[in-house]
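Some notes on the structure that comes next.
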Number of protein chains: 2
Amino acid sequence: MLLAALNLEDAVSPTIADRLFDQLRKAIVEGEIPPGSKISEPVLAARYGISRGPLREAMRRLESSSLVERKPNVGARVIRLSSEQLLEIYVIREALEGLAARLAAEHMAEPAIAELRALLERHRIEVAREGGQSYFQTEGDLDFHFCIVQGSGNRRLISILCNDLYHLARMYRCQFGMKSDRARDALKEHELVVDAIADRDGELAEWLMRRHIRASRRATERRIALTAASGQPPAANGLRSVCGRRDPVTGNEYPLSASSPPDSTN
Amino acid sequence: MLLAALNLEDAVSPTIADRLFDQLRKAIVEGEIPPGSKISEPVLAARYGISRGPLREAMRRLESSSLVERKPNVGARVIRLSSEQLLEIYVIREALEGLAARLAAEHMAEPAIAELRALLERHRIEVAREGGQSYFQTEGDLDFHFCIVQGSGNRRLISILCNDLYHLARMYRCQFGMKSDRARDALKEHELVVDAIADRDGELAEWLMRRHIRASRRATERRIALTAASGQPPAANGLRSVCGRRDPVTGNEYPLSASSPPDSTN
DNA sequence: ATACGCCTTATTGTCGACAATTAATCTTGA
DNA sequence: TCAAGATTAATTGTCGACAATAAGGCGTAT
């Protein structure tokens, strides 16, 4: 529900290819199409009841979003998530969202700041209710960052973060489970950032945002170290593996482990 | 010639769509297909002697690179360059390339640093020969930044900068002419950055790179203020308009002013 | 028994044609 | 004469079929 802001695509496109792109991205991000699985064009086209033309165009866009990898004359596979790539994204987000926070402090309109405050208030209630363990908070976290980036007013910055990096980050979170025990700390950090923005203190806002993302990255690093030590292969997802179920799309391939969509709060 | 590093695509793809994407991107970036011009699928397909299928896939990739804008059931137009968007890119580059410089100082291998030094040496000779006015320097500038980013070792950072932002930056430069009088200063700034990287001083490298890009942005701002004051419309390109010639691709549309490819040093 | 080469098969890449939507033109009325 | 509407034309979106490439299986020779 709070994820509404993340669904840029709720204004349905009249063309099949665009709609399909949204559907496939959602399916890949939420793990419905497992990472590493091969995507067969005829099978997928039949699955969605369309021709291969629009499908291929959607696949091209997925490739540009680096959600699938394609080799010519061979086919496309859903990207396999490596911890290194996740950390790379954190490093970039630290720089980019720090910038976004500074710009937001300079450009954001007062009503938008008030909305941001209201959003954090809802998060506060939620965290208090679920004792800081809620998985939901993780999504709320993305919602918060989403709002800040929107407030930066830099359209290309918005595009880079919201069209590509956030979907990747969400994908990793869905894969790894991520019922972060950092919800309470994260919320506090969020509030400090918003305070700085409300004070129009861009320098402080950037510093706080960078520290926040750095802390987030370190928590992820710890988590990765844990799951790696517990015997699982490094690139595997540490989530409930639904072995009794068959791949819903590709049908015949069953890589590492298939994970069902982690929640339906959108 | 020095642009060789920028041509990631010299390893020709066996598929038409990929080859066409490279060709079209080059044509758009260098202004052969003027900004704002409508792209007709049948015309373009005939022009390149291929079918509309691969063309559409290439167009989808161009759209992802934000080189063309598409409206459903209407068509695609080459993006029109606004000064605001150019400055937005500079702001992002400042954050991202500052990060890249820091990472390069930490991760770059010694031979790569030596290569970088050699590159700057060639630039030094070139600048001395052309008296700091050379247009070439502008391309060399991109080459330099390209190498630094490659040295960061962060694959996603490399992808964002080299696959999208650099092509846009190059497009703006081609459109605006850009025989920057800042070549001498820029070269000096480049050398300082490389010194910091060689010293493995990441913090300094980042600071120097940010300052360098900031100076570059300010020079561009001044240039924009000049051309805007000299009577041209703000989004127009301030380059020789070849009015006697017809649009080589779309054939029937002739927006603002068509500019021929600024150089052939690749 | 293993390795090399050939062949079969399935998948991707490409093409031409049809349908749907949009933009422009022409007509008609006030 | 201008505006509003319908009509026409062109472009885009979609589809099914063919061709080319690569992967996998099979057989044979060493």
Side-chain angles (χ1 to χ4, degrees), chain A residues 9 11-25 28 33-34 36-64 67-80 247 249-255, chain B residues 9 11-25 28 33-34 36-64 67-80 247 249-255:
Chain A
E9 54 272 8
V12 286
S13 224
T15 135
I16 294 184
D18 291 332
R19 246 194 326 264
L20 190 65
F21 170 70
D22 296 335
Q23 289 183 27
L24 286 179
R25 179 168 65 179
I28 290 176
I33 305 179
S37 63
K38 185 174 186 320
I39 292 184
S40 164
E41 293 184 2
V43 174
L44 251 192
R47 165 76 174 76
Y48 285 93
I50 56 164
S51 172
R52 275 180 53 210
L55 178 85
R56 284 177 66 86
E57 296 194 6
M59 297 290 300
R60 283 280 192 201
R61 290 185 62 187
L62 288 174
E63 186 190 11
S64 293
L67 287 173
V68 303
E69 286 174 339
R70 287 197 7 177
K71 278 194 292 187
N73 287 309
V74 172
R77 309 186 80 90
V78 178
I79 58 158
R80 196 181 302 267
D247 186 314
V249 179
T250 61
N252 46 4
E253 197 145 348
Y254 25 78
Chain B
E9 54 273 7
V12 286
S13 231
T15 133
I16 295 184
D18 291 331
R19 247 193 326 262
L20 190 64
F21 170 70
D22 295 335
Q23 289 184 27
L24 286 179
R25 180 168 66 180
I28 290 176
I33 305 179
S37 63
K38 186 176 186 318
I39 293 184
S40 165
E41 293 184 2
V43 174
L44 250 193
R47 165 76 174 76
Y48 285 93
I50 57 163
S51 173
R52 277 179 53 212
L55 178 86
R56 284 177 66 85
E57 297 193 5
M59 296 290 300
R60 269 268 159 51
R61 290 185 60 185
L62 287 175
E63 187 190 11
S64 293
L67 287 174
V68 302
E69 286 173 339
R70 287 195 3 166
K71 278 195 292 189
N73 287 309
V74 172
R77 309 186 80 89
V78 178
I79 58 158
R80 196 182 302 270
D247 186 314
V249 178
T250 62
N252 47 3
E253 197 146 345
Y254 23 77

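Atom set for the values below is all heavy atoms of this structure, side chains included, hydrogens, waters and symmetry mates excluded. Proteins come first, then strands; the chains are lettered A, B, ... in the order of their sequence lines, and each starts at number 1. Because the structure is a prediction, the values reported are computed rather than measured.
- Side-chain N or O atoms of B/R70 include none that pairs as donor or acceptor with a backbone N or O of B/A76 at under 3.5 Å.
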Under 3.5 Å, which protein N or O atoms sit close to an N or O of nucleotides 13-15 of chain D? Give each pair with its distance.
residue : atom : partner : partner atom : Å
D/dG13  : OP1  : B/N73   : N            : 3.4
D/dG13  : OP2  : B/R56   : NH1          : 2.6
D/dG13  : OP2  : B/R56   : NH2          : 3.0
D/dG13  : N7   : B/R52   : NH2          : 2.8
D/dG13  : O6   : B/R52   : NH1          : 3.2
D/dT14  : OP1  : A/I16   : N            : 2.5
D/dT14  : OP2  : A/T15   : OG1          : 3.4
D/dC15  : OP2  : A/S51   : N            : 3.0

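- Not counting sequence neighbours, B/E69 has no partner by the salt bridge (Lys or Arg N to Asp or Glu O under 4.0 Å) test.
- Tested against B/L44 for a side-chain contact (heavy atoms from CB on, under 4.5 Å), the candidates B/I50, B/L20, B/I39 yield a single pass: B/I39.
- The only option from A/L67, A/L24, A/L62, A/I33 that meets the side-chain contact (heavy atoms from CB on, under 4.5 Å) definition with A/V78 turns out to be A/I33.
- The minimum heavy-atom distance between A/P54 and A/I16, with the atom names listed, is CB-CG2, 3.9 Å.
- Residues B/M59 and B/V68 come closest through the heavy atom pair O-CG2, 4.0 Å.
- Pairs of Watson-Crick or G-U wobble type, with distances under 3.5 Å, assemble into runs of 3 or more in DNA chain C at these ranges: C:1-30 with D:1-30.
- Taking B/R52 as the reference, B/E41 meet the salt bridge (Lys or Arg N to Asp or Glu O under 4.0 Å) condition, with sequence neighbours excluded.
- Listed by chain and number, the residues in a side chain to side chain contact (heavy atoms under 4.5 Å, CB included) with A/R61 are A/D18, A/F21, B/R60, B/S64 (sequence neighbours excluded).
- OP1 or OP2 of C/dT12 lies within a sub-4.0 Å distance of a side-chain N or O belonging to A/K38.
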